Asker: 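Please find one structure pasted underneath; my questions will follow.
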Amino acid sequence: METTHDVVIVGGGPAGLAAAIYAARARLRTLVLDESVPGGQVKTTHKVSNYPGFPEDIKGTELAAAFAKQAERFGTKVRRAVEITDMDLRADVKRFVLDDEDTVTAPVAIVATGARPRHLGLEGEARFRGAGISYCATCDGAYFEGKDIHVIGGGNSAVEESLFLTQFARTVTIVHQFDQFQAEASTAEEALHNPKIKVLWSHEPRGFHGEKTLETLVVENVKTHERRMLSTDGVFIFIGMVPQTELLKGVVPLDKWGYVETADDMSTPVPGLYVAGDVRAKKFRQITTAVADGTIAALAAQKYVRERH
Amino acid sequence: MSDHVKTIDQAQFESEVLASPQPVLLDFFSTECAPCEALAPKYDALAEQYAGRARFLKIFRQGSRELATKLGVSGSPTVLFFKGGKEVGSRFSGDIKRSELKAAIEAVLA
């Protein structure tokens, strides 16, 4: 089946859904494609405390669902759990093939594919994924009730998710490469005062071992280079993100870290192709900045659609 | 949920999975798990497509802790394949694409 739209938005995280809200309210026929359920990284964040408009903490899943519901209220169509199996982003009319079955076209594409959790790339990491290694605390935290687990990282995600994991685990040991957290001061302080949380400063992971499931985490002291084997029931890894630019390679310029370079209005050198959110080259990646990008992309796209031909 | 996907509990593991004459896919899922929610429609669609050739089962993590421990499953979603009473192929965990799951089913059926 082939359907025609005014705007196709790839990625239903905060950037994509903010773009969808603006585009749909401008009466553009708007379609959002997501390989998962909408919400992007927000949907696997246990709570959000810094998004304006929510004086109390809101669960990431709830905020994600609210973004999608608001976009759908104005007529946006959201296709969940679809895979783009072929596409043409350079053409005047952009074309996407979904699950080898349906084709969707539009003069404008807004790519807001965001970023995914960075992997360490260490021995045993892939093998023990789902068997002791996790990248999602809300998904897997409950498997570790009463267990002794480790968290790798020291930024906002690592520290906040460690606090969340203390609901289940007996102890959470944070392994961090530096001698202080990079997380926001209020979160860092909360973690340092939590009796279930221990911190192994100035250590980096070096490998994962076990028979059927993960049993041992190898760490190295970055100052003394001394290595130790720590027995563990599970390891959660929160060491940042990598941009998801698979669709865009060779289509638009990427910076040396792999993020997409855009103009201030989110446009790219390809007419009708906009890029917004965490996948874009920029200094700060927050829900608020993603939403701002999405808004700008949708407003620029409206102008493009109106002035086209 | 599709008619072709059946939810079992750990007490049924032997009769439904190990004793199945057809290859079996078993999906461990949890609540508040976005990748599980994302897998569900793909799993349903594939279950329909492979009806009669493979069985698609789901098991809720809560209440199947012993089985999860025995199988070494500690993440949701995790999809395992069984054939002739034994686990075969490799497991899928986390964000699972429809195309990669389909390829794995084809490999198990071959």
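Letters A, B, ... mirror the listed sequences (proteins, then strands); counts begin at 1. The model shown is predicted, which means the values in this text are computed figures rather than measured ones.
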Asker: So, are A/Arg127 and A/Glu123 salt-bridged, with charged N and O less than 4.0 Å apart?
Answerer: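 A/Glu123 and A/Arg127: not salt-bridged.
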Asker: Checking A/Arg80 against chain B: side chain, backbone, both or neither under 4.5 Å from a heavy atom?
Answerer: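 Neither the backbone nor the side chain of A/Arg80 comes within 4.5 Å of chain B.
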Asker: Side chain from CB out, backbone as N, CA, C, O: work out which of these in A/Phe144 comes under 4.5 Å of a heavy atom of chain B, or both, or neither.
Answerer: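 For A/Phe144, the side chain is the part near chain B, not the backbone.
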Asker: Are any side-chain N or O atoms of A/Ser134 and backbone N or O atoms of A/Cys136, one a donor and one an acceptor, separated by less than 3.5 Å?
Answerer: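 Yes; judged by distance alone, with no hydrogens or angles, the pair exists.
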Asker: Looking at A/Gly60, A/Gly132, A/Ala64, A/Ala131, which makes the most heavy-atom pairs under 4.5 Å with chain B?
Answerer: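 The candidate making the most pairs under 4.5 Å is A/Ala131.
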Asker: What part of B/Leu71 gets closer than 4.5 Å to chain A, counting heavy atoms only: side chain, backbone, both or neither?
Answerer: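 For B/Leu71, the backbone is the part near chain A, not the side chain.
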Asker: Should the pair A/Asp233-A/Lys147 be classified as a salt bridge under the 4.0 Å nitrogen-to-oxygen rule?
Answerer: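 Salt bridge: no.
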Asker: Determine the option with the most heavy-atom pairs under 4.5 angstrom with chain A, choosing from B/Pro77, B/Ala38, B/Ser76.
Answerer: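 When all of B/Pro77, B/Ala38, B/Ser76 are compared, B/Ser76 has the most.
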Asker: Between A/Ala142, A/Gly39, A/Gly234, which shows the greatest number of heavy-atom pairs under 4.5 Å with chain B?
Answerer: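 That would be A/Ala142.
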Asker: How many angstroms lie between OG in A/Ser157 and NE2 in A/His46, if you round to the nearest 0.5 Å?
Answerer: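 So the gap between those two atoms works out to 11.0 Å.
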Asker: Between B/Lys42 and A/Glu83, does at least one N-O distance fall below 4.0 Å, as a salt bridge requires?
Answerer: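 The answer is no: the pair does not qualify as a salt bridge.
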Asker: Would a 4.5 Å heavy-atom cut-off, applied to side chains only, mark B/Tyr50 and B/Phe56 as touching?
Answerer: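 Side chain of B/Tyr50 against side chain of B/Phe56, heavy atoms only: contact under 4.5 Å found.
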Asker: Between B/Arg55 and B/Glu16, does any side-chain N to carboxylate O distance fall below 4.0 Å?
Answerer: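 Looking at B/Glu16 together with B/Arg55, the answer is yes, because their closest N to O distance falls below 4.0 Å.
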Asker: If I measure from the heavy atoms of chain B, does A/Thr138 come under 4.5 Å with its side chain, its backbone, both, or neither?
Answerer: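 A/Thr138 touches chain B through backbone and side-chain heavy atoms alike.
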Asker: Is it the backbone or the side chain of B/Ser90 that comes under 4.5 Å from a heavy atom of chain A, or both, or neither?
Answerer: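 When you check distances to chain A, no heavy atom of B/Ser90 falls under 4.5 Å.
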Asker: Among A/Val32, A/Ile9, A/Leu33, whose side chain to side chain contact (heavy atoms under 4.5 Å, CB included) with A/Val78 holds?
Answerer: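 Exactly one option meets the side chain to side chain contact (heavy atoms under 4.5 Å, CB included) with A/Val78, and it is A/Val32.
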Asker: Of the backbone (N, CA, C, O) and the side chain (C-beta and beyond), which part of A/Asp99 lies under 4.5 Å from a heavy atom of chain B, both, or neither?
Answerer: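 Contact with chain B involves the side chain of A/Asp99 alone.
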Asker: In terms of heavy-atom pairs under 4.5 Å with chain A, which of B/Ala40, B/Cys36, B/Gly94, B/Ser99 leads?
Answerer: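 Ranked by heavy-atom pairs under 4.5 Å with chain A, first place is B/Ser99.
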Asker: Between A/Thr213 and chain B, with a heavy-atom cut-off of 4.5 Å, which part of the residue counts as in contact: side chain, backbone, both or neither?
Answerer: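 Side chain of A/Thr213 only, per the 4.5 Å heavy-atom cut-off to chain B.
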